[in-house]
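Data block below; observations after.
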Amino acid sequence: MRRTTGRNFLFVPGPTNIPDRVQRAMLVAMEDHRSSKFPDLSTSVLNDLKKVFKTEEGQVFIFPSSGTGAWEAALTNTLSPGDKILASRFGQFSHLWIDDMAQRLDFDVQVLDVEWGEGVPLEQTEEILRADKKHQIKGILACHNETATGVTSDIEGLRKVMDATNHPALLFVDAVSSLASIDFCMDEWRVDLAVSGSQKGLMLPAGLGILAVSQKAFKAMKSCKSRRCYFDLADMIATNPSGYFPYTPALPMLYGLREALDIIFEEGLDDIFARHHYFAEGVRAAVTKGWELELCAKAPKWHSDTVSAIMVPEGINGAHVIDVAFRRYNLALGAGLSKVAGKLFRIGHLGDLNELMLMGAIAGAEMAMLDVGVKVTPGSGVAAASNYWRSNDPIPKKKVSKEEQFYEAHSTGSVQ
Ligand code: PLP
């Protein structure tokens, strides 16, 4: 029998928990999306999303789709069939973008297969780019945070490799499970197409595909021959500047997005990134120090601050842990996908969270593991996470200069 009382503990790495404020903001009566009032909402969210991508020169587009739609929009608006793409594959989402999409759209994809648990291989990428003297590679695809394995790649490093080899390809980055949770610097890293969705760091339901586009990508659009219709940016470019969409927008989602952006700016992006790191470190302590299990991520440099993929011991089926957690404890954990199906389960730690919510996920995962025969010490995960969180600050204290201390003291009135 499934437990149905109490709240469902949602710890898949997206959709994430939606703040009550955002839920309430979405409870709106329908409005005319062609009214003179509508552009106030649409323009404000489109402009403010630029701050989340950290772009001033780029432009953001919102499709009533999911992240997959924004993947498609990125490719079909800038590349032509037959164009060569370089893409590394190290998890289900990098795989889907390459195999299920780029190849079906008739691009010529050079796949760099990497062990699942690692991320974009910078040295190999550099070798390939250096050898591509005629610049046949038109696009490089990178998944910033591979949600299936809990691996974050070094996009800044990838840009450096592209610069070092003087390679002019467009840089496409999947930021679906990193945006608004792990630092993402579109302009600084000169990302040309950054893809995201609403249901992860932006703390909304699924339903918006979000795409940020650089000026260089707009130039590539001019000669792009891929067929497209619904995802044609030209239609957005014709209507968005006046605050309208080429079709009926998902109005409640836009109200929700407005509220979510307000929440994000109230906390501040830097503090959000620090909080996600602090939560992730607590979960990693539970996994490695408490349960003495391994993460799928092969080394600390790959650790993701939004999702941890936890390897189950030989002889245990990860799907069994997930099923018991759901039926017996009303806890939703992320599944192992394709190549790692059954071998792991995932805890999503992104979005609207606190320590005690995560403690529920850790305790529930631990009980489910014990129920299916994983030999972990009862209470060890919770103890390890608690030790980490109790002895670390969520937001590392900033170094304050003497001058700042002086002004702080005077402005707060503690010095008269
Ligand atoms: N990319 C990554 C890294 C993801 O985690 C996901 C979904 O979880 C997607 C792409 C696909 O996004 P959607 O399911 O919103 O279409």
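Counting starts at 1 for both ligands and their atoms, in listed order. In this chain, numbering begins with 1 at the start of the sequence shown. Reckoned from all heavy atoms, side chains included, excluding hydrogens, waters and symmetry mates.
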**Q.** Val195 near ligand 1 by a heavy-atom separation under 4.0 Å
**A.** no
Nearest to [atom], what protein heavy atom do you find, and at what distance?
| atom | result |
| --- | --- |
| atom 3 (C) of ligand 1 | Thr147 OG1, 3.1 Å |
| atom 10 (C) of ligand 1 | Trp71 CZ2, 3.2 Å |
| atom 8 (O) of ligand 1 | Lys200 NZ, 2.7 Å |
| atom 7 (C) of ligand 1 | Phe93 CE2, 3.4 Å |
| atom 1 (N) of ligand 1 | Asp174 OD2, 2.6 Å |
| atom 14 (O) of ligand 1 | Gln199 NE2, 3.8 Å |

(Q) Please tell me whether Asp352 and Asn17 have a donor and an acceptor in their side chains that are separated by less than 3.5 angstrom. (A) no
Q: Check whether the side chains of Trp97 and Asp174 place a donor and an acceptor atom closer than 3.5 Å, and report yes or no.
A: no
Q. Taking atom 16 (O) of ligand 1 as the point of reference, which of Thr68, Thr306, Val12 owns the nearest heavy atom?
A. Thr68
Q) In a check of side-chain hydrogen bond (donor to acceptor under 3.5 Å, both in side chains) between Ser308 and each of Arg284, His349, Arg346, which one passes? A) His349
Q.
Heavy atoms only, cut-off 4.0 Å: how does Asn145 contact ligand 1, side chain, backbone, both, or neither?
A. backbone
Q. Should you measure from each heavy atom of Ser66, which atoms of ligand 1 turn up under 4.0 Å away?
A. 13 (P), 15 (O), 16 (O)
Q: Report the residues that fulfil side chain to side chain contact (heavy atoms under 4.5 Å, CB included) with Asp108, sequence neighbours left out, ordered by chain and then residue number.
A: Lys84
Q | Heteroatom distance test (Gly67, ligand 1): nitrogen or oxygen, under 3.5 angstrom | A | yes
Please check this pair: side chain of [X] against backbone of [Y], looking for a donor-acceptor N/O pair closer than 3.5 Å.
| X | Y | result |
| --- | --- | --- |
| Ser198 | Leu208 | yes |
| Lys138 | His135 | yes |
| Ser153 | Ile155 | no |

Q. Which pair of heavy atoms, one from Asn145 and one from Ser304, lies closest together, and at what distance?
A. OD1-OG, 2.8 Å
